[in-house]
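Atom set for the values below is all heavy atoms of this structure, side chains included, hydrogens, waters and symmetry mates excluded. From a predicted model like this one, the values you see are computed outputs, not experimental measurements. Naming: A, B, ... by sequence-line order, numbering from 1 per chain.
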Amino acid sequence: MSFEWVQIAYAALTVFIVINYGLIMTAVVQKIGARVGGRYGIPVWQNYIDLVKNIALRSKISHGVMFYLGPVFRLTGGIGLLLFVPTIYGSVMHQNFAFAGDLILALYFVFFGTLGMALGAGESGHPHAAIGVSRGLAQVTAAELPLALAVFAISLQYQTLSITEIVAAQQGGLFNWTLFTNPIATLAAMFALVGTMMRAPFDVVVAPQEIPIGPPTEYHSAYLALMQTNRVLFPVAKTVIYMNLFFGGASNWGEFAVKVFAIYMVSVLVGVVHPRFRVEQSIRFFLKWGLPVGILAILVV
Amino acid sequence: MKDIDKSFRKDTETEFPLREELKPRSVTAPDGQVIEIDPLQDYFCQEPPKVHKQSYFRIVEDFYNWARAHSLWILGFGTGCGAIEMRPLMTPRFDAYRYGIQWRPTPRQANLLVISGYLSVKTLKRAIRAYEQMPQPKYVVGLGSCTINGGMYWDSYNTIKRLDDYLPVDLYIAGCMPRPEALLAGFMDLKKLIRKGKAEGANKYAENFDWYKANQKSVIKDWDMPDYNW
Amino acid sequence: MMRDLHDHLKTRYRLGDLAERRANLAFVDVARADLRALLVELRDVHGFTHLSLLTAVDWIEEGRFQLTYLMNNRTANRSLGLRVFLDRADPVGDTIHDLWPTAATYQRELREMFGIAFPGSPRVDEEFILEGWTDMPPYRRDFDTLAYSQQTFSDREGRETHDPRAHMAKKLNPEGQR
């Protein structure tokens, strides 16, 4: 694929749209949760106010170079994930920098943010941050295993490593989706989705009541604003991958909004009915249930 | 009260000895190197707080104040019995989240310290640490009559009477205890103060830093932390 | 029931008179030398397995501290309080942390709040509730908490104090009739 300068502007536009979509969607999800609980809930623009507030804070302290780079890496993980994956199928503007082997790169970027966060949180010197990061890395590693296996399965199925081609193969009707052509791989990947979304029952990494907020314990003001941005961007970017791989992709922004919201709600719905797992319980869960399903998916293909 | 002993004088002579683990000492490393350690100097930054100027443009500052007012993050630190009145604010009946109020578990991410009720000297030390770790601008709300004039702990040997001697208080909510409705009304008043740009407690603290420190040290006898906890 | 137990124990221990508060609650004075043997016998033979509390009273007029060991027999639902007196000028008690581990915490509290020493009790000299306390132990009656608080913390103007009884009488009956 040839490179043109205008692609950068297009990609920036994609990131902008996705961030705004994420800000509003996460607020809407919170509001739904509040309404279910009988509360009025936060205003849908609350995330914007929090973001401005955090940028507006006057005092900032640093714990060293890696402390700066932690949120930057985290955001890079989110944006990178988004940029190398076609957001809207068939759109020149929102094709981003998709290329032949982008599936492997996407798998890497899913992990990149957590690794960057580990460096930053380690530099902050707070014991809770270290505990949170070690939990996070262990859990993400275990949760990524089913996803990796599922990705191998569908790349074998479609004989390609390009997400664009995988989406293309799923066009033309509901039953061309991987969800129906390879349900076992989809199931394995959904394990990874609920596992890495940082929602209950797999949110022991941040566990506000136990290890105050975990890795970001020491982060405040503009650092926190960066991480908040990533917090809304990263789940959406990750959901985009799932949408492309298993749910037929999206051919316009409306379809994108609906599908991402629906897939995101899967992890929300799992979260509201399950209590939080301890980290060794969740790792055992992924190895016991996620991993066999992933292996089965490869064997079936 | 007939129990008052006119002749009683508190002991002002005795100094509290420095704790063993905080004494300066020299440690021999496994490779034979001798390291001098002063725990009170080595692990902390001793820089005093700065006065942070407002934004240069009035309109920018107003916009920021608007955002600050609508995004109050409370430090989840219950110092006394009043903490029990903050919990109902999260419930469907009062639902403080709709005003942009939420609770954060770490002082680094909080803007509002609610001193919920009586503050013993031991807790005061923690409250000061928590307050000083919060990023500017930060606000303090005193909850209940205990923070105003001691309340029912007016004759206690271990409970402070006036919170504003030790921390810059932006707003008091009277009552013993104030109901959650009173808390909500207080937070609304605090929002108005922030919108007007009058809630500059952190700058007041930095300007009168020596006065606050002298007051704090006069009641906390075992001051074993740096003067300003970054 | 309590009376029988008292008669039974009186032959071998130096006990004072039995003060019965209720059918299942009584107190008795014990000589300090007999305390440990009596506690062990009550615990192992008579079923008083639970140490409900260990506390002190400052009898400043008589110049002594009273230690109260309240023991409970759960199966029979009976409580027996043993009272031991210590010299106020040199208050040293005997540690019983090896009989009930919880006693160590009570003894730490008594050490801090009354200044009663319990040699041999674990961590007894560490701070318990107070931090950086330099004055006399605050639960002693010659410690004046009001005077201390006035000399330590500043008052806010405008505080009024009412005697509850006079205040309520005035409020309920403003004319002063009856």
Side-chain angles (χ1 to χ4, degrees), chain A residues 27 30-31 33-64 67 71 121 124-129 132 203 206-228 231, chain B residues 43-45 47 49-55 60-73 75-77 89-112 130 132-138 191 194 200 202-203 205-206 228-230:
Chain A
Q30 273 201 45
K31 189 142 177 123
R35 284 292 170 88
V36 170
R39 289 190 289 116
Y40 184 76
I42 60 172
V44 286
W45 55 84
Q46 183 66 45
N47 281 337
Y48 290 94
I49 303 179
D50 288 347
L51 211 55
V52 172
K53 195 276 304 274
N54 273 327
I55 293 170
L57 287 178
R58 291 184 193 138
S59 66
K60 299 168 184 61
I61 60 161
S62 169
H63 293 274
F67 187 75
S124 79
H126 200 285
H128 288 147
D203 61 346
V206 290
Q209 291 85 3
E210 185 200 357
I211 43 164
I213 216 86
T217 299
E218 283 284 318
Y219 281 97
H220 56 280
S221 58
Y223 311 119
L224 189 62
L226 263 186
M227 289 173 56
Q228 277 182 311
R231 186 94 195 200
Chain B
Y43 305 147
F44 303 105
C45 168
E47 197 184 337
K50 285 186 297 224
V51 177
H52 287 260
K53 288 282 158 251
Q54 297 193 346
S55 182
V60 175
E61 185 67 23
D62 281 350
F63 174 64
Y64 281 171
N65 279 336
W66 171 82
R68 284 165 193 151
H70 287 88
S71 166
L72 279 177
W73 289 5
L75 176 61
F77 177 27
L89 291 181
M90 305 178 195
T91 61
R93 183 164 172 190
F94 300 104
D95 188 23
Y97 290 103
R98 66 197 147 127
Y99 299 117
I101 295 169
Q102 54 171 296
W103 280 261
R104 300 301 292 194
T106 147
R108 290 278 189 234
Q109 299 174 6
N111 314 108
L112 174 58
E132 292 179 349
Q133 285 179 9
M134 283 158 47
Q136 277 208 36
K138 46 195 169 185
K191 279 189 176 190
I194 297 172
E200 293 287 345
N203 281 345
Y205 189 72
Y228 192 73
N229 299 281
W230 280 103

- Task: Counting only heavy atoms closer than 4.5 Å, note whether B:Asn111 contacts chain A via side chain, backbone, both or neither.
- Result: side chain
- Message: Testing the basics here: between A:Gly37 and B:Pro92, what is the closest heavy-atom pair and its distance to 0.1 Å?
- Response: O-CG, 3.3 Å
- Please report the closest heavy-atom contact between B:Tyr64 and A:Val52, naming both atoms and the distance. CD2-CG1, 4.3 Å
- Message: Could you check whether any side-chain heavy atom of A:Gln30 comes within less than 4.5 Å of a side-chain heavy atom of B:Tyr97, counting everything from C-beta outward?
- Response: no
- Looking at A:Gln46 and B:His70, what are the two nearest heavy atoms and their distance? NE2-O, 3.2 Å
- Task: Identify the heavy atoms of B:Met90 and A:Arg39 that sit nearest to each other, and give their distance.
- Result: O-CD, 3.3 Å
- Which pair of heavy atoms, one from A:Asn54 and one from B:Trp73, lies closest together, and at what distance? ND2-CH2, 3.5 Å
- Pick one of side chain, backbone, both or neither for B:Phe63, based on which atoms fall under 4.5 Å of a heavy atom in chain A. side chain
- Query: Among B:Asn65, B:Ile101, B:Asp95, B:Val60, which residue forms the greatest number of heavy-atom pairs with chain A at distances under 4.5 Å?
  - Reply: B:Asp95
- Would the number of heavy atoms belonging to other residues, nucleotides or ligands and lying under 6.0 Å from CZ of A:Arg35 be above 12? yes
- Which heavy atom of A:Asp50 sits nearest a heavy atom of B:Ser71, and at what distance? OD1-OG, 2.5 Å
